Amino acid sequence: MSNKTLAILKPDCVRKNLIGKVVSQIQEAGFKVSGLKMVHLTEDSAKGFYEVHSERPFFNDLIAYMTSGPCVPIALEKENAVEDFRKLIGATDPTKAAEGTIRKLYAESIQENIVHGSDSDENAAKEISHFFTRKELLEINGWK
Ligand code: IDP
Ligand code: MG
């Protein structure tokens, strides 16, 4: 099992001035920040990141949303990171998300849902490398 996952604070999170609140909730849940930056995704980069959804009816809207402003990718480390992070953010549709989850607290809709979380160890590794080089990531076990 990997101990890494990728979060993205999506453009609605940045616009609503919620970066601090959401990062704080993530850290209070025991995740360590290994890499963090603010980027404005290009259309090509967003399409590459969400390639698995390219045949879905919401794909074009998803790309428009994800390129509508800057977002904040965050590489995270914790034991059981992928599963624990999905629990912390809640269901894709905020009306179905559990109480206290980040999406239940802050998301507007199934599309504008504040935050991304990787869905498997394999995808976490791919998604982290979409945004970060190895040198940009702290080695948590080496922290003094
Ligand atoms: P996830 O983010 O919970 O893993 P996915 O099914 O992987 O959900 O979908 C990726 C993103 O696409 C969602 O977070 C959301 O922004 C958007 N999305 C998913 N389903 C819909 C939909 O039915 N309508 C509009 N947007 C959607
Ligand atoms: Mg997904």
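Along the sequence shown, the residues carry numbers beginning at 1. Both counts, for ligands and for their atoms, begin at 1 and track the order of listing. None of the values given here were measured: they were computed from a predicted structure.
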[atom]: which protein heavy atom is closest, and how many Å away?
atom                    : result
atom 22 (C) of ligand 1 : F58 CD2, 3.5 Å
atom 16 (O) of ligand 1 : Q111 O, 2.8 Å
atom 15 (C) of ligand 1 : I110 O, 3.2 Å
atom 2 (O) of ligand 1  : R103 NH2, 3.0 Å
atom 10 (C) of ligand 1 : H53 NE2, 3.6 Å
atom 8 (O) of ligand 1  : T92 OG1, 3.3 Å

Problem set entry | Close approach, N113 and ligand 1, non-hydrogen under 4.0 angstrom | yes

Problem set entry | Close approach, E112 and ligand 1, non-hydrogen under 4.0 angstrom | no

Problem set entry | Donor-acceptor pair, side chain of R86 and main chain of G117, under 3.5 angstrom | yes

Exercise. Is it the case that more than 12 heavy atoms not belonging to E43 sit under 6.0 Å from its CD atom?
Worked result: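 Not buried by this count: 12 neighbours or fewer within 6.0 Å.
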
Exercise. Just wondering, more than 12 heavy atoms not from K37 lying within 6.0 Å of its NZ?
Worked result: yes

For this session: Heavy-atom distances under 4.0 Å are what count here, so tell me which part of R56 touches ligand 1: side chain, backbone, both or neither.
Result: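 Neither part.
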
Exercise. How does L62 reach ligand 1, if at all, at less than 4.0 Å between non-hydrogen atoms: by side chain, backbone, both, or neither?
Worked result: side chain

For this session: Decide, yes or no, whether a salt bridge links K16 with E112 under the criterion of side-chain N to carboxylate O below 4.0 Å.
Result: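 No, K16 and E112 are not salt-bridged.
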
Problem set entry | Option passing side-chain hydrogen bond (donor to acceptor under 3.5 Å, both in side chains) with K78 (candidates T5, D84, N3) |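 Among T5, D84, N3, the one meeting side-chain hydrogen bond (donor to acceptor under 3.5 Å, both in side chains) with K78 is D84.
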
Problem set entry | Non-hydrogen side-chain atoms of T101 and I89 separated by less than 4.5 Å |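 No - every pair of side-chain heavy atoms lies 4.5 Å or more apart.
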
For this session: Determine whether Y50 and I128 fall in the same hydrophobic cluster, where Ile, Leu, Val, Met, Phe, Trp and Tyr are linked whenever their side-chain heavy atoms lie under 4.5 Å apart.
Result: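 Same cluster: Y50 reaches I128 through Ile, Leu, Val, Met, Phe, Trp or Tyr contacts under 4.5 Å.
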
Exercise. Do any nitrogen or oxygen atoms of R86 come within less than 3.5 Å of a nitrogen or oxygen of ligand 1?
Worked result: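 R86 vs ligand 1: N/O contact under 3.5 Å present.
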
For this session: Look at the rings of H53 and F58 and say which category their plane angle falls in: under 30° parallel, 30 to 60° tilted, over 60° perpendicular.
Result: tilted

